[in-house]
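We number each residue from 1, following the sequence as shown.
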Amino acid sequence: MIINLLKIRWVQIYRTLFGIGIFRALFLCAIILPFMVLFLYQQLKEQGNAHYFIMGICLGLMGIVHHGRKDHHFLLKISEPIQKTYYIEYVFFSLPLLLLLVITFRFFDIFLYFFLLLLLVLFIRPSGGKVRRTFRCVTRFVPETMFEWKAGIRKNIYLIVPLYAVGITTTLLNVWVPIACLIVLSTVLWSFYAMCESREMLEAREVNPKKYLRSTLNRHLACWLALVLPVVCIACIIHHTYTLHVCVALLILTNTYICSILMKYAYYTPKTTSMTGGMLGYIILLCSFIPVISVLIVGYNIFLYGRGIKTLNNYLDDYN
């Protein structure tokens with residue numbers, strides 16, 4: 001049964017790659033992924049704490065995937081025990097990282113990764129994307145027009161609060177743990193833009209495409225900066241020698257966050273899953289810390305902005 005499930009995952013990956021277009025799939029497989037593997041290998045080969053940083057990000061991403069799984073009840077019917085199925089799946093998708101750890105002779109880190117992954121599977125229950133509470137005490141601070149943030153916070157508050165708390169508290173001890181928390185938190189925020197709103201919601205503001213896109217970027221960037229700047233400022237004050245590193249990380253994460261918003265509207269189709277919610281979005285986020293890729297993302301954002309205005313013209317042309 002587990003082998004059949006893994007085969008299904010491979011088919012899903014294959015369909016997702018070709019769903020983003022042949023050119024993007026080739027660019028991803030031929031350029032971005034090799035750069036990413038080489039970058040990770042160089043970081044793991046160096047003596048330092050980079051391997052813990054990378055492992056933490058991977059575990060955080062696995063935690064996000066596990067928390068948002070919608071096939072929990074289906075797997076309960078066909079697989080027993082279900083935790084074993086989850087664990088084998090996550091180990092399977094962690095094979096590239098585990099292989100790099102073997103090549104760099106980090107065998108203790110492999111054992112630690114297996115152990116932490118086991119704890120993740122045992123103690124985090126998939127929510128299935130269901131929202132059981134509104135959390136008005138938190139969402140009331142979010143403007144009414146930012147429905148993505150309101151819905152996203154309600155769905156992911158059990159991930160956002162621990163990540164933010166760990167990011168704030170660990171700034172006293174280490175500068176890299178807060179940065180890792182912000183990276184994983186950015187992944188959670190990307191999921192806010194996984195679905196395109198209806199055409200009625202898009203047209204409700206009655207503005208032209210340029211004004212719509214600019215005001216959306218301004219409002220969402222303001223919320224993003226209000227969320228991350230406390231962590232960034234505390235890290236810069238306590239670890240002032242790493243101020244440049246923290247500021248560069250903030251710029252890179254802000255750049256990719258802009259990409260998540262623009263990607264949604266560049267390929268907008270009412271009431272469908274956006275490009276941001278697919279594999280391409282998460283790979284862009286993971287590769288953004290590679291210097292060459294981060295520069296390419298800036299150019300990609302410019303392209304997405306122009307395409308977004310052109311796409312929104314199909315729905316908001318009456319307000320030009």
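Here the CG atom belonging to L217 is positioned 5.0 Å from the CG atom belonging to L262, to the nearest 0.5 angstrom. Considering CG of L221 and CD1 of I258, their distance stands at 4.5 Å, rounded to 0.5 Å. Once rounded to the nearest 0.5 Å, the distance linking NZ of K310 with OH of Y305 reads 15.5 Å. The line from OG1 of T170 to CD1 of I179 is 10.0 Å long, rounded to the nearest 0.5 Å. In this structure, CD1 on I153 lies 8.5 Å from CG on L189, to the nearest 0.5 angstrom. The CG atom of L116 sits 12.5 Å away from the CE atom of M62 when rounded to the nearest 0.5 Å.
K210 places no side-chain N or O within 3.5 Å of a backbone atom of I309 that could act as its donor or acceptor partner. Looking at Y164, its side chain does come within 3.5 Å of a backbone N or O of L227 through a donor-acceptor pair. Formation of a donor-acceptor pair under 3.5 Å by the N218 side chain with backbone atoms of R214 is found in this model. Listed for the D109 side chain is no donor-acceptor partner under 3.5 Å among the backbone atoms of L101. With hydrogens and angles ignored, the 3.5 Å screen pairs no side-chain donor or acceptor of R307 with any backbone N or O of Y267. Between the side chain of S294 and the backbone N or O of I252, no donor-acceptor pair lies under 3.5 Å. Side chain of H239 to main chain of T171: a donor-acceptor pair is present (N/O by atom type, distance under 3.5 Å, no hydrogens or angles).
Residues F192 and M146 form no side-chain contact, since every pair of their non-hydrogen atoms from C-beta on lies 4.5 Å or further apart. Y86 places none of its side-chain heavy atoms less than 4.5 Å from the side chain of L120. Proximity of P178 to L182: side-chain heavy atoms (C-beta onward) are nowhere separated by under 4.5 Å. The shortest distance between side-chain heavy atoms of L163 and I160 does not fall below 4.5 Å. Contact of the N208 side chain with the K211 side chain is registered, since non-hydrogen atoms from C-beta on lie closer than 4.5 Å. Put simply, the side chain of Y315 reaches to within 4.5 Å of the side chain of P270, judged on heavy atoms. Two residues are said to be in side-chain contact when any heavy atoms from C-beta on lie closer than 4.5 Å; Y300 and C259 meet this criterion. Between L97 and L40 the shortest side-chain heavy-atom distance does not fall below 4.5 Å.
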Verdict with supporting geometry, V91 and F114, side-chain contact (heavy atoms from CB on, under 4.5 Å): CA-CA 8 Å; V91 169; F114 280 134; 3.8 Å; yes
Working note: M195 + T272, criterion side-chain contact (heavy atoms from CB on, under 4.5 Å); need CA distance, chi angles, decisive distance, verdict. CA-CA 6 Å; M195 288 294 296; T272 59; 5.8 Å; no
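Using cut-offs of 30° and 60° on the angle between ring planes, the pair F108 and F111 is tilted. The aromatic rings of Y257 and W224 sit parallel to each other, their planes meeting at less than 30°, with 60° as the upper class boundary. Taking the six-membered ring where the residue is Trp, F53 and W176 present perpendicular rings, their angle passing 60° and hence far from 30°.
Atom CZ of F93 sits in a crowded spot, with more than 12 heavy atoms from other residues, nucleotides or ligands closer than 6.0 Å. Sparse packing is recorded around CZ of F105, with 12 or fewer heavy atoms of other residues, nucleotides or ligands lying under 6.0 Å away. Other residues, nucleotides and ligands contribute over 12 non-hydrogen atoms within 6.0 Å of the CZ atom of F107.
Under a hydrophobic clustering in which Ile, Leu, Val, Met, Phe, Trp and Tyr are joined whenever their side-chain heavy atoms come within less than 4.5 Å, directly or via other members, L312 and I302 fall into different clusters.
Inspection of the S94 and Y113 side chains reveals an N or O donor paired with an N or O acceptor under 3.5 Å. Using modelled atom types, one finds a donor on one side chain and an acceptor on the other under 3.5 Å when comparing T216 with R205.
Salt bridge status for E148 with K264: present, with a side-chain N to carboxylate O gap under 4.0 Å.
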